[in-house]
Protein chains: 2
Amino acid sequence: MTSPAAFAATAALLAEPPRAAMLQALLSGEALTAGELARVAGIGAPAASAHLARLVEGGLVAVHPQGRHRYHRLASEEVAAAIETLGGLAAAVAPPPRRWPHGEEFRAARLCYDHMAGRLGVALHAGLTGRGWIAPSPGGWAATAAGEAGLAALGIDLPAARSARRFACDCMDWSERRPHLAGGLGRELAACCLRRHWVARLPGMREGDPLARRRLRLTPEGARRLHEALGVAA
Amino acid sequence: MTSPAAFAATAALLAEPPRAAMLQALLSGEALTAGELARVAGIGAPAASAHLARLVEGGLVAVHPQGRHRYHRLASEEVAAAIETLGGLAAAVAPPPRRWPHGEEFRAARLCYDHMAGRLGVALHAGLTGRGWIAPSPGGWAATAAGEAGLAALGIDLPAARSARRFACDCMDWSERRPHLAGGLGRELAACCLRRHWVARLPGMREGDPLARRRLRLTPEGARRLHEALGVAA
DNA sequence: CCCGTCCTTCGCCCGGCCCCGAAGCGCCGC
DNA sequence: GCGGCGCTTCGGGGCCGGGCGAAGGACGGG
C-alpha cells in the first residue's frame, strides 16, 4: 500500500465527473482523440485538455500524437482494473436508478481495456483453469504444456502474449465478482476471438454513450468453438 | 457500471489524504473511534467528524455508537476491495520511495477488512480451489461435499460463514495480483486461524501507523496445520 | 502557400470544500 | 448532580481547482 497522500492523489484523478466519463470511455480499449473525449465528458476543449494533461501526468493515461490528433488510451491494465473495481463499488453504494443502464447484455460480454469481461470473460477464465491450461505462478498464471498446445490450436499468438509485461493475471470482474483473465494472454485471446469473428463488437448506439462501445456479442460460431475447446456455456 | 457522476462521487470520498488515511486504518478490520481516526489522519476533531459524516453518508463506513464513543468500521467487503485495488494502482503509478514501507512482511500475510490477504491469503485461495473444496457458483464460490468435511475438520464455523451476504467470493490482492478469499468463508477462516493461534497479529509498532495493525505472522503450528490440510507452503 | 482543424496555453472568475476556533449536546464516573 | 470527556455543529477564512473565452502554435489538405 502507499502513503495516504499518494493514494488520495490517485483517487483524485478519478474523482471528477468529466475525468470519470473520459476514463470509462477509454475502457473500451479504443484510443480516442482529445476532441472525442471532450464531447464524451460534456466540456469544452480547454477543460478537456487540462484534464487529460493531469491524467497523463498521473500515469493513468498514455498519449501518442498522430498528425494533428492526439490519441489517448489507458496506460495499463492496472488502471482498467481499478476503474472496474471502483465502478462496482459505486454501483453497490448508489444502486442504479432502475436496472442496469444497458440491461443484461452489458453483463454478458464486454471489453475491459484489451481483454474480455462479463460472464463470458469469467467463463473463459474458469475454462482455462479448470482444464489445467494455465497454472498458478508467481505474479499470475503460466501456461502448462497442455495449455500451450490447446491455445496454439485455437489460433492464439503465444509469443505475442509472452511479450507483454505480464503473461496472464487476474482482473476482478465487477459485475460477476469473480476474476477474468488479463495480461498478454487475455489480450491475445480477445484479439483472436475478434479476428475469427467468435465475438463481435456491437455498434455504439448513440454518440455520447461510452458504455455502448464496450459491448460484445458471442456469435454462434464462437459459442460452438469456445464450448468445444473450453466448455464455455452460452 | 454507473454514471460518471456517481462514480466520481464515490471516488471523491477516497480522494482526500485524511479520508484515505482513515480508510486505510479501517482496513485492519478494527472498529475505531472518531478520535482515533482523527489522530491517524492528523487533523482536528471537527474536521474528522465532517469527514466521517461524509463517509457514512456515502455508504463506505458504518458507525455504531457505544456510550460516548462512536465506533466506525468499513461498511462492506466491497469497500475493502476497492481500497486495496486503488492502493495497488497508486503503488504502480507512484513507485514507493525505497522499498515497501513495511518490507516483505506486509506482503507475506495481512488482514484485508475481515479476511486474510498477502501471499498467505492467495495460497489459501489456491489451496481451496486446487483441492476442490470450493467450486465456482453464481456470484462466487460454493463449498463441495469434500470441502464441507475438510473445512469443518479445520474447526471452521460453516453456518456462520453461510449467514454472510456472500458465502465466498474473490477479492483482488494488490500485492500478489491474484485473488484471495473474501465473503463469509474468508471471514470465518481468518477468525478460525486467529482463534487457534495459527496466525497472530503483530503489535502495532508505532501509533499513527495504520498499516502496522494489519500485519499477520504465520505461527509454526499454523504453518504445519495449513500445509497438511491445504498444501500451503511457508 | 494559405486556410481550416485540432489542440494547447493564458487570464480570469467562481464555486466548493478543507481547516480551525468556539460553542453546544450527550454520556460516563465520581 | 456536577465535572470531564467525546463528539458534533456553527461561523469564518483561505485555498485549490474547474470552467470558459480569447489567443497562439502545430499539422494536413487543397
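All chains are named by letter (A, B, ...) in the order of the sequence lines, taking the proteins before the strands, and each is independently numbered beginning at 1.
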Q.
What is the separation between atom CG on L37(B) and atom P on dG6(D), rounded to the nearest whole Å?
A.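 So the CG-P distance, L37(B) to dG6(D), works out to 14 Å.
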(Q) Distance check needed: dT9(C) P versus E57(A) CD, whole Å only. (A)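 Distance check: E57(A) CD to dT9(C) P gives 12 Å.
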Q.
Using heavy-atom distances to pick each residue's nearest nucleotide on DNA chain D, tell me which of R68(B) and H72(B) is more 5'.
A.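 Upstream on the strand: R68(B).
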(Q) I want to verify a distance call: between dC20(D), dT9(D), dC19(C), whose nearest atom is closest to the P46(B) side chain? (A)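 Between dC20(D), dT9(D), dC19(C), the one nearest the side chain of P46(B) would be dT9(D).
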(Q) Is there a side-chain contact between H69(A) and the phosphate of dT5(C), meaning an N or O under 4.0 Å from OP1 or OP2? (A)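 So the side chain of H69(A) is outside the cut-off, no N or O lying under 4.0 Å from OP1 or OP2 of dT5(C).
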Q | Whole-Å distance separating the OH atom of Y71(B) from the P atom of dT8(D) | A |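 That distance rounds to 14 Å.
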Q. Closest to the T33(A) side chain: dC7(C), dC19(C), dC18(C)?
A.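 Closest nucleotide among those given: dC7(C).
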(Q) Please report the distance, rounded to the nearest Å, between NE2 in H51(B) and P in dT9(D). (A)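 Computing the H51(B):NE2 to dT9(D):P distance gives 14 Å.
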Q: Return the value, rounded to whole Å, for the distance between atom NE2 of H64(A) and atom P of dC6(C).
A: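 In whole Å, dC6(C) P lies 18 Å from H64(A) NE2.
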Q.
Any base atoms under 4.0 Å from A45(A), or only sugar-phosphate, or nothing? Heavy atoms, all strands.
A.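 Base, at least one base atom sits under 4.0 Å.
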(Q) Between T33(A) and H69(A) (side chain of the first, backbone of the second, donor and acceptor by atom type, cut-off under 3.5 Å), is there such a pair? (A)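 No; zero donor-acceptor contacts below 3.5 Å.
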Q) Looking at dT9(C), dC19(C), dG18(D), which one has an atom nearest to any side-chain atom of R19(A)? A)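 Among the listed nucleotides, the one closest to the side chain of R19(A) is dG18(D).
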Q. According to a strict under-4.0 Å criterion, is R70(A) in side-chain N/O contact with OP1 or OP2 of dC6(C)?
A.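 Answer no for this pair, as no side-chain N or O of R70(A) is under 4.0 Å from OP1 or OP2.
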Q.
At less than 4.0 Å, is any side-chain N or O atom of R54(A) found next to OP1 or OP2 of dG17(D)? Yes or no.
A.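 Result: yes.
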Q: Would you check if the side chain of S49(A) reaches a backbone N or O of A45(A) as a donor-acceptor pair within less than 3.5 Å?
A: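 No, the answer is negative, given that no donor and acceptor are paired below the 3.5 Å cut-off.
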Q: Specify the separation, in whole Å, of atom CG of L52(A) and atom C1' of dG17(D).
A: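 So the CG-C1' distance, L52(A) to dG17(D), works out to 16 Å.
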Q: Using atom CD of Q66(A) as one end and atom C1' of dC27(D) as the other, report the distance to the nearest whole Å.
A: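 Checked: the CD to C1' distance equals 13 Å.
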Q. Taking the side chain from R201(A) and the backbone from L194(A), do they hold a donor-acceptor pair closer than 3.5 Å?
A.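 Such a contact is absent between R201(A) side chain and L194(A) backbone.
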Q | Ion pair R110(B)/D173(B), N-O distance below 4.0 Å | A |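 D173(B) and R110(B): salt-bridged.
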Q | Any donor-acceptor N/O pair, R19(B) side chain to A12(B) backbone, under 3.5 Å | A |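 Judged by distance alone, yes, a pair lies under 3.5 Å.
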**Q.** Distance, rounded to the nearest Å, where I43(A) contributes CD1 and dG21(D) contributes C1'
**A.**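 It works out to 15 Å between those atoms.
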